[in-house]
Structure formats: structure tokens, C-alpha cells
Q: 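Here it is, the structure, as C-alpha cells.
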Amino acid sequence: MKIKTRTHNICKILKAIYPHVKTQLQHRNPFELLVATILSAQCTDKQVNSVTKKLFDTLASPDDFVNASLEDIEKLIRPTGYFRNKAKNIRNCSKMLMEKYNGDVPGTLEELLELPGVGRKTANVVLGAAFGIPGMVVDTHVKRISKRLGLTKNTDPAKIEFDLMKIIPQKEWNDFGLRLIYFGRAVCKARKPNCPDCPLCHLCEYSDKSA
DNA sequence: CTCCCGATAT
DNA sequence: ATATCAGGAG
């Protein structure tokens with residue numbers, strides 16, 4: 001079967017299972033989403049949400065983060081891991097927002113990628129969820145599942161991003177990434193993928209058909 | 001390629 | 001007790 005038609009079938013099935021998808025990261029504005037997404041590096045959304053309520057209650061704006069001590073920020077975000085790097089990144093990021101964007105979050109991929117602690121995954125999450133701009137988020141779930149499904153042969157997330165953009169219609173980019181993430185958490189898990197109950201089993205090169 | 005770190009599954 | 005999970009920077 002051709003890659004595009006196979007992909008189309010995969011899209012259709014995922015859309016039927018997860019009709020409405022959105023980031024699980026709790027946020028009330030683009031800045032909170034940006035911070036939450038930086039925190040989500042190598043960390044589950046659930047874990048991020050467990051710290052952001054108190055974090056944003058204490059520090060609400062880029063200005064607040066710039067004026068806070070690194071120690072205070074570190075203390076608030078510690079459970080998300082890599083807290084020294086993240087605290088530094090979020091504060092420097094806030095400083096750049098103040099200096100270059102009047103405290104607003106910029107709305108292009110290029111500008112977002114300039115921000116400390118913001119890579120392609122984070123930038124695409126913010127583009128999609130805060131600005132409604134098409135972007136293909138390639139996190140660990142998207143990477144794992146794309147490879148298992150045979151949608152890419154690449155290992156580099158940026159290359160996977162471009163591979164997926166070629167075979168998925170642009171309108172679907174944001175939702176497709178989100179759906180793979182939902183699907184990755186529930187079925188196509190890193191440790192014990194539930195192949196026997198998988199709705200994509202027949203379209204999958206990886207699937208364990210023996211069970 | 002290495003470093004950064006806590007939480008959870010096994 | 002330890003392996004595994006989860007992105008970005010240098």
C-alpha cells in the first residue's frame with residue numbers, strides 16, 4: 001500500500017478515536033503555555049501540571065520571572081526535573097520576551113526557536129495551541145509511533161517532522177501530533193505497547209501479530 | 001555525544 | 001534497587 005493512502009487511513013482511524021484533542025498542559029495564555037512547555041521537556045504533562053498552578057499563582061508574567069531569584073524558580077519547578085537548566089532558561093526566556101517582544105510571546109517558529117530552552121518540539125506546541133498555526137510536534141511519542149508505523153525511517157526529530165509534514169495535509173498537522181500523543185500514552189506505549197488491542201495493528205509494520 | 005534531574009514502572 | 005521515561009543545549 002502506498003505511504004500516502006496508508007497514512008490517510010491511519011489519520012482517519014485516529015480521528016475517529018480522538019475527535020477532539022488539545023494540549024494537556026494547563027495554561028491561560030501563551031506565556032503560561034510557553035513556560036509549561038519548556039517545563040515539559042523530558043517530563044510528563046501530568047507532572048508539569050502538578051507544579052504550574054502554584055508556579056503561575058506566584059509568578060504570573062515574564063516580568064515576575066525576571067525579578068524572581070533562580071532559587072525561588074528552582075524550588076517551584078523542581079519536580080519536573082532538570083530544574084536548574086529549566087529555571088535559568090525560563091528566566092532568560094522571560095528576559096528576552098521583555099526586551100524584544102514587549103513581554104509577549106512571538107508567533108513565528110523562527111522567533112520561538114531563538115528563545116532559551118525552546119527547541120522545535122516546544123516551538124511547535126506553542127504555535128499550534130496558542131496561535132493556531134500549523135506545526136508538526138515531534139515529541140518522544142510521535143517519534144516512536146511514526147517509526148513503528150513505518151511513516152519515517154529517520155531518527156532525528158527534525159527529519160521526522162519534515163517527513164510527516166510531507167505525508168499529512170497541513171490542516172491536520174496540529175491534531176495529528178496530538179492524536180499520536182494521546183494514542184502513545186494509551187495504546188502504543190514505550191514499554192508495553194498494547195498491540196493485541198491496537199486499532200492500527202493491520203496498518204503497522206511493528207505490531208506484534210502473535211498475541 | 002554528553003550533560004542535565006525527578007518520578008514511576010518493573 | 002534499578003531501568004526507563006521525557007527535550008534541549010553545548
Q: A/C43 or A/N89: which one's nearest nucleotide on DNA chain C is closer to the 5' end?
A: A/C43
Q: Roughly how many Å is it from CG in A/L76 to P in B/dG6, rounded to a whole number?
A: 15 Å
Q: What contact category does A/P157 fall into here, base, sugar-phosphate, or nothing, at under 4.0 angstrom with non-hydrogen atoms?
A: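 Contact class for A/P157: none.
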Q: Check the distance between C/dG7's P and A/N124's CG and give it to me in whole angstrom.
A: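 Those two atoms, CG and P, are 13 Å apart.
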Q: Listing request: all side chain to side chain donor-acceptor pair (under 3.5 Å) pairs with a residue in residues 164-192 of chain A, at least two apart in sequence or in separate chains.
A: A/K15-A/E172, A/Q24-A/Y182
Q: Under a 3.5 Å cutoff, is there a donor and acceptor pairing between the side chains of A/N89 and A/N92?
A: no
Q: Work out how far the C1' atom of B/dG6 is from that of C/dG10, and round it to whole angstrom.
A: 23 Å
Q: Would you mind reporting whether A/R91 and A/I73 have side-chain heavy atoms less than 4.5 Å apart?
A: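 Side-chain contact under 4.5 Å: yes.
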Q: Whole-Å distance between B/dC3 P and A/K88 NZ?
A: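 It works out to 16 Å between those atoms.
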Q: Kindly point out which of B/dT10, C/dA6, B/dG6 is positioned nearest to the side chain of A/P79?
A: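 Of the candidates, B/dG6 comes closest.
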Q: How is A/S40 classified with respect to the nucleic acid when contacts are heavy atoms under 4.0 Å: base, sugar-phosphate, or nothing?
A: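 Here A/S40 touches the backbone only, sparing every base.
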Q: Does A/L115 belong to the same Ile/Leu/Val/Met/Phe/Trp/Tyr cluster as A/M98, with side-chain heavy atoms less than 4.5 Å apart forming each link?
A: no
Q: For A/Q47 and for A/K192, find the nucleotide of DNA chain B with the closest heavy atom, then tell me which residue's nucleotide is more 5'.
A: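 Taking each residue's closest nucleotide, the earlier one in sequence belongs to A/Q47.
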Q: Looking only at atom C1', what distance separates C/dG8 and B/dT8, rounded to whole Å?
A: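 Approximately 22 Å lies between the C1' atom of C/dG8 and that of B/dT8.
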Q: By nearest atom, which of the nucleotides B/dC5, C/dA6, B/dT8 is closest to the A/F83 side chain?
A: B/dC5
Q: Taking B/dA7 as the reference, what is the distance to C/dA9 when you measure between their P atoms (whole Å, please)?
A: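 23 Å, rounded to whole Å.
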Q: Kindly point out which of C/dA6, B/dT10, C/dG7 is positioned nearest to the side chain of A/R144?
A: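 Of the options given, the side chain of A/R144 lies nearest C/dA6.
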Q: For nucleotides B/dC5 and C/dT2, find the distance between their P atoms and express it as a whole number of Å.
A: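 Per the computed distance, 22 Å lies between those P atoms.
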Q: Find the distance A/K189:NZ to C/dC5:C1' and express it as a whole number of Å.
A: 13 Å
Q: By the 4.0 Å heavy-atom rule, please label A/L115 as base, sugar-phosphate, or nothing.
A: sugar-phosphate
Q: Given C/dG7, B/dC4, C/dA6, identify the nucleotide with an atom nearest to the side chain of A/T122.
A: C/dG7
Q: Distance check needed: C/dA9 P versus A/R84 CZ, whole Å only.
A: 19 Å
Q: Within the structure shown, what part of the strands sits under 4.0 Å from A/G81 by heavy-atom distance: base, sugar-phosphate, or nothing?
A: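 Base contact.
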Q: Might you point out which heavy atoms bring A/K86 and A/I77 nearest each other, and give the distance in Å?
A: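 That closest heavy-atom pairing would be CB-CD1, 3.8 Å.
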Q: Roughly how many Å is it from CG in A/L113 to P in C/dG7, rounded to a whole number?
A: 16 Å
Q: Do the side chains of A/L112 and A/V105 get nearer than 4.5 Å, heavy atoms only?
A: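 They are in side-chain contact.
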Q: Using atom CG of A/L39 as one end and atom C1' of C/dG8 as the other, report the distance to the nearest whole Å.
A: 13 Å
Q: Check the phosphate of B/dC5 against A/R78, side-chain N and O only, distance under 4.0 Å to OP1 or OP2. Yes or no?
A: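 Result: no.
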Q: What integer distance in Å separates A/D45:CG from C/dC5:C1'?
A: 13 Å
